[in-house]
Undergrad: 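Provided herewith is a single structure, encoded as structure tokens, for subsequent inquiry.
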Protein chains: 2
Amino acid sequence: MRPRSITLTGNELEIMKIVWRLERATVRDVYEELLKERKIAYTTVMTMMKVLEQKGHLKRSAEDKAHVYQPSESRLKVVGSMVTEFLNRVFDGSAAPLLAHLVDQKHITREELAQIAKVRSEPTGKK
Amino acid sequence: MRPRSITLTGNELEIMKIVWRLERATVRDVYEELLKERKIAYTTVMTMMKVLEQKGHLKRSAEDKAHVYQPSESRLKVVGSMVTEFLNRVFDGSAAPLLAHLVDQKHITREELAQIAKVRSEPTGKK
DNA sequence: TCTTGCATACTAATTAATTAGTATGCGGCC
DNA sequence: GGCCGCATACTAATTAATTAGTATGCAAGA
């Protein structure tokens with residue numbers, strides 16, 4: 001049988017991004033945001049948010065008339081695990097080849113790379 | 001309806017990695033390799049390779065008794081597009097936040113980062 | 001020649017993912 | 001009070017993904 005995807009699928013991530021940005025949102029809030037990008041039915045959003053709740057990515061609280069959803073985990077944490085999963089799946093865990101791709105495909109310049117290395121390796125001197 | 005995934009799925013990538021490595025392979029070749037990792041049926045591998053052929057990732061030639069498969073595109077190209085797709089989907093196309101994750105999660109050290117920046121920005125002096 | 005092994009083609013079953021319609025209830029406004 | 005808008009719950013349809021069984025054929029060895 002088909003295993004449920006460990007990480008977020010494309011559309012699930014799209015919704016999570018909105019909820020992370022709004023911090024707390026109703027189905028309607030997310031629906032309105034998504035409408036800016038593409039045609040979608042209100043109930044479709046509801047279904048997807050219910051799935052996200054079942055998967056543990058969203059917490060629901062029946063506050064007012066409409067339920068309010070909030071992220072269960074920080075964007076940093078979730079996206080971090082997505083990065084790790086991608087790295088393992090595509091590059092067997094080695095980041096260097098990924099870096100090479102980023103540079104070769106000009107997603108990042110050598111200067112930016114050097115700058116990040118600099119900032120991170122010399123954070124004012126201590127710790 | 002559900003759209004077919006643009007990029008390779010987990011298992012498809014697993015197979016493509018093997019074929020890229022072997023350069024040319026029969027279903028049995030791939031099957032043997034996969035068996036080293038996990039239990040899987042021969043026909044399952046065949047089905048997946050047929051799908052990969054339909055998707056245009058593998059070319060098939062009925063050489064001898066068994067069909068021989070070869071990659072349609074280089075690993076570099078396919079993986080490159082996977083990187084781009086991931087970057088767009090997760091980070092809206094910005095590589096910097098991805099870099100930050102790689103460093104924060106210690107997938108790569110500041111030293112490695114600096115080294116890659118150096119190698120790539122000063123290739124002996126000329127082009 | 002008959003069996004055996006391996007190969008392919010075809011069939012099939014299950015669950016995830018995506019999208020949305022239908023049923024139904026509740027709180028206001030006319 | 002009844003209708004309207006919005007909300008949720010339930011139902012549903014379609015295709016992808018994953019896994020593998022069955023049917024069948026061919027070639028080589030006993």
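Quick note: numbers below take in every heavy atom, side chains included, and nothing from hydrogens, waters or symmetry partners. Convention: sequence-line order gives letters A, B, ...; per-chain numbering from 1.
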Undergrad: Would you kindly give the CE-to-P distance between B/Met49 and C/dC10, to the nearest whole Å?
TA: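 Those two atoms, CE and P, are 18 Å apart.
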
Undergrad: Rounded off to whole Å, could you give me the NE2-to-P distance for the B/His57 and D/dA17 pair?
TA: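 Answer to the nearest Å: 10 Å.
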
Undergrad: Counting only side-chain N and O atoms of B/Arg38, is one of them less than 4.0 Å from OP1 or OP2 of D/dT18?
TA: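 Answer is no, no contact under 4.0 Å.
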
Undergrad: So, does A/Thr43 use its side chain to make a donor-acceptor pair with the main chain of A/Met46 at under 3.5 Å?
TA: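 Checking the backbone N and O of A/Met46 against the side chain of A/Thr43, no donor-acceptor pair under 3.5 Å is found.
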
Undergrad: Between C/dT19, C/dT8, D/dA9, which nucleotide gets closest to the side-chain atoms of A/Met48?
TA: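 Selected nucleotide: C/dT19.
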
Undergrad: Using whole Å, what does the distance between atom C1' of nucleotide D/dA17 and atom CD1 of B/Ile15 come to?
TA: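 The distance from CD1 of B/Ile15 to C1' of D/dA17 comes to 12 Å, rounded to the nearest Å.
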
Undergrad: Quick check for you: among D/dA7, D/dA20, C/dC10, whose closest atom lies nearest to any side-chain atom of A/Tyr42?
TA: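 Shortest atom-to-atom distance from the side chain points to D/dA7.
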
Undergrad: Applying side chain to side chain contact (heavy atoms under 4.5 Å, CB included) to B/Val27 and B/Tyr69, what does each step give before you reach the verdict?
TA: CA-CA 8 Å; B/Val27 171; B/Tyr69 288 85; 3.8 Å; yes

Undergrad: Salt bridge (charged side-chain N to carboxylate O under 4.0 Å, His left out) with B/Glu33: which of B/Arg38, B/Lys17, B/Arg21?
TA: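 It is B/Arg21; the other options fail the test.
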
Undergrad: Please report, rounded to the nearest Å, how far the P atom of C/dT8 is from the CG atom of B/Leu52.
TA: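 My rounded result for the distance is 15 Å.
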
Undergrad: Just the rounded figure in Å: distance from P of C/dA17 to CD of A/Glu14.
TA: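 After rounding, the gap between these two atoms is 15 Å.
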
Undergrad: Tell me whether the OP1 or OP2 atom of D/dC6 has a side-chain N or O from A/Arg28 closer than 4.0 Å.
TA: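 No.
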
Undergrad: Between B/Thr9 and D/dT18, does any side-chain N or O lie under 4.0 Å from OP1 or OP2?
TA: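 Answer yes for this pair, as a side-chain N or O of B/Thr9 is under 4.0 Å from OP1 or OP2.
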
Undergrad: If we ignore hydrogens and angles and just use 3.5 Å, is the side chain of B/Ser72 paired with the main-chain N or O of B/Gly56 as donor and acceptor?
TA: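 Pair found, side chain donor or acceptor close to backbone of B/Gly56.
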
Undergrad: What parts of residues 79-93 of chain B reach DNA chain D, counting only heavy atoms under 4.0 Å away?
TA: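 Residues of residues 79-93 of chain B that come under 4.0 Å of DNA chain D do not exist, since none gets that close.
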
Undergrad: Which pairs, protein N/O on one side and nucleotides 21-23 of chain D N/O on the other, fall under 3.5 Å?
TA:
unit_1 : atom_1 : unit_2  : atom_2 : d
D/dG21 : N7     : B/Thr43 : OG1    : 3.2

Undergrad: Given side chains that start at C-beta, do those of B/Leu102 and A/Leu87 come closer than 4.5 Å, heavy atoms only?
TA: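 Side chain of B/Leu102 against side chain of A/Leu87, heavy atoms only: contact under 4.5 Å found.
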
Undergrad: With a 4.5 Å heavy-atom cut-off, do A/Ile40 and A/Met48 have their side chains touching?
TA: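 Yes, their side chains come closer than 4.5 Å.
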
Undergrad: Would you say A/Arg60 reaches D/dA9's phosphate, i.e. side-chain N/O to OP1/OP2 under 4.0 Å?
TA: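 Indeed, a polar side-chain atom of A/Arg60 lies that close.
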
Undergrad: One thing to verify: whether A/Lys36 and A/Glu32 come together as a salt bridge, which I'm taking to mean a side-chain N less than 4.0 angstrom from a carboxylate O.
TA: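 The answer is no: the pair does not qualify as a salt bridge.
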
Undergrad: Would a distance-only check, ignoring hydrogens and angles, find a side-chain to backbone donor-acceptor pair under 3.5 Å from A/Asp104 to A/His101?
TA: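 Answer holds: no.
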
Undergrad: Using atom CG of A/Asn11 as one end and atom P of C/dT18 as the other, report the distance to the nearest whole Å.
TA: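 To the nearest whole Å, that distance equals 5 Å.
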
Undergrad: With nearest nucleotides of DNA chain C determined for A/Glu12 and A/Thr44 from heavy-atom distances, which residue corresponds to the more 5′ nucleotide?
TA: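 In this pair, the answer is A/Glu12.
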
Undergrad: Could you check how far CG of B/Leu8 sits from P of D/dA16, rounded to whole Å?
TA: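 It is 16 Å, rounded to the nearest whole Å.
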
Undergrad: Over how many whole Å does the gap from A/His67 atom NE2 to D/dC6 atom P extend?
TA: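 Rounded to the whole Å, the gap is 17 Å.
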
Undergrad: Are there over 12 heavy-atom neighbours, none belonging to A/Glu23, within less than 6.0 Å of that residue's CD?
TA: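 Counting neighbours around CD of A/Glu23, 12 or fewer heavy atoms of other residues, nucleotides or ligands fall under 6.0 Å, so no.
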
Undergrad: Find which nucleotide of DNA chain D each of A/Lys50 and A/Lys65 is nearest to by heavy atoms, and output the residue with the more 5' nucleotide.
TA: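 This one resolves to A/Lys65.
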
Undergrad: If you look at every heavy atom in B/Ala25 and B/Leu22, which pair is closest and at what distance?
TA: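 Taking every non-hydrogen atom into account, CB-CD1, 3.8 Å.
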
